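Bear in mind that the values here come from a model prediction, so they are computed numbers and not experimental data.
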Amino acid sequence: MITRTRSQKLVSAATAQYADEIDGFDPEEWLASDDNVALANGNNVALFEREMPGVVTGHYFFFCRGREAIELSKQMLNEIFTGPYNVQVIRGLTPLDNKGALWISRKVGFKPYGDIKTHVGLCRLFILTKQEWEQLNG
């Protein structure tokens, strides 16, 4: 079951696996903002950081992989788009060397919009709108 969490311990444990790629992330500060949404299923966490009204940047911190991660991603997207979060657009940046995450992003409906140079290297910009998600899951 997907639930919103405000647990620093859970978010810290999930994000620790990518600590070398995350600059300046403070779970306590991040969770203190009601605009940000952390969703959890067990120890798997998805963070949705509010950028502007209706737009979030999504970050998956899953311990599961493969088909299980795809199914969990779909459940997280269902919750963020249908829950009380006012999300119309999700965007994300995925490092080009993270083949699994690139694959999952496409499998769950995100569209690629080119590559962007970031502090962790070249990343692919993915975007999924609520309207596109509804068309895929209608």
Side-chain angles (χ1 to χ4, degrees):
M1 170 175 245
I2 308 298
T3 57
R4 185 172 189 175
T5 185
R6 295 188 186 272
S7 168
Q8 276 183 252
K9 183 177 179 180
L10 180 61
V11 170
S12 293
T15 58
Q17 60 186 318
Y18 299 100
D20 59 333
E21 298 174 22
I22 304 172
D23 286 336
F25 178 69
D26 179 344
E28 180 179 14
E29 182 181 314
W30 193 91
L31 288 164
S33 172
D34 285 334
D35 287 338
N36 297 328
V37 179
L39 299 177
N41 178 296
N43 62 350
N44 297 293
V45 173
L47 303 180
F48 297 93
E49 186 171 13
R50 186 77 53 184
E51 300 298 337
M52 61 190 74
V55 179
V56 296
T57 297
H59 311 276
Y60 293 135
F61 299 96
F62 293 172
F63 290 93
C64 62
R65 299 288 185 257
R67 294 192 194 290
E68 187 179 353
I70 291 172
E71 183 56 35
L72 182 55
S73 297
K74 289 178 179 180
Q75 292 171 20
M76 295 282 190
L77 291 172
N78 182 67
E79 175 62 21
I80 199 68
F81 279 131
T82 65
Y85 314 110
N86 186 32
V87 172
Q88 301 301 313
V89 177
I90 302 170
R91 63 184 182 182
L93 289 171
T94 304
L96 292 185
D97 61 357
N98 190 337
K99 303 297 184 198
L102 293 168
W103 179 73
I104 287 174
S105 293
R106 289 188 306 273
K107 283 296 226 183
V108 299
F110 282 84
K111 293 181 181 175
Y113 283 86
D115 299 338
I116 298 172
K117 192 177 209 177
T118 72
H119 72 281
V120 297
L122 211 52
C123 290
R124 182 143 306 139
L125 171 64
F126 283 99
I127 297 175
L128 178 64
T129 68
K130 184 175 183 179
Q131 182 179 11
E132 291 166 340
W133 177 82
E134 288 172 339
Q135 290 170 350
L136 290 170
N137 297 281

Among [options], find the residue that satisfies the side-chain contact (heavy atoms from CB on, under 4.5 Å) test when tested with [X].
{"X": "V89", "options": "I127, V56, T57", "result": "I127"}
{"X": "K74", "options": "L72, N78, I70, L77", "result": "I70"}
{"X": "I90", "options": "F126, F110, W133", "result": "F110"}

Donor-acceptor pair, distance only, cut-off 3.5 Å: does the side chain of [X] make one with the backbone of [Y]?
{"X": "N36", "Y": "W30", "value": "yes"}
{"X": "Q17", "Y": "A14", "value": "yes"}
{"X": "N44", "Y": "C64", "value": "yes"}

Euclidean distance, [Y] [atom2] relative to [X] [atom1], rounded to 0.5 Å:
{"X": "N98", "Y": "L93", "atom1": "CG", "atom2": "CG", "answer": "12.5 Å"}
{"X": "R124", "Y": "Y113", "atom1": "CZ", "atom2": "OH", "answer": "13.5 Å"}
{"X": "Y85", "Y": "D34", "atom1": "OH", "atom2": "CG", "answer": "12.0 Å"}

Salt bridge (Lys or Arg N to Asp or Glu O under 4.0 Å): which pairs involve residues 128-138, sequence neighbours left out?
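Every pair satisfying salt bridge (Lys or Arg N to Asp or Glu O under 4.0 Å) with a residue in residues 128-138: K111-E132.
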Counting only heavy atoms from other residues, nucleotides and ligands, does the tally under 6.0 Å from [atom1] of [X] exceed 12?
{"X": "E68", "atom1": "CD", "value": "no"}
{"X": "E29", "atom1": "CD", "value": "no"}
{"X": "R65", "atom1": "CZ", "value": "yes"}

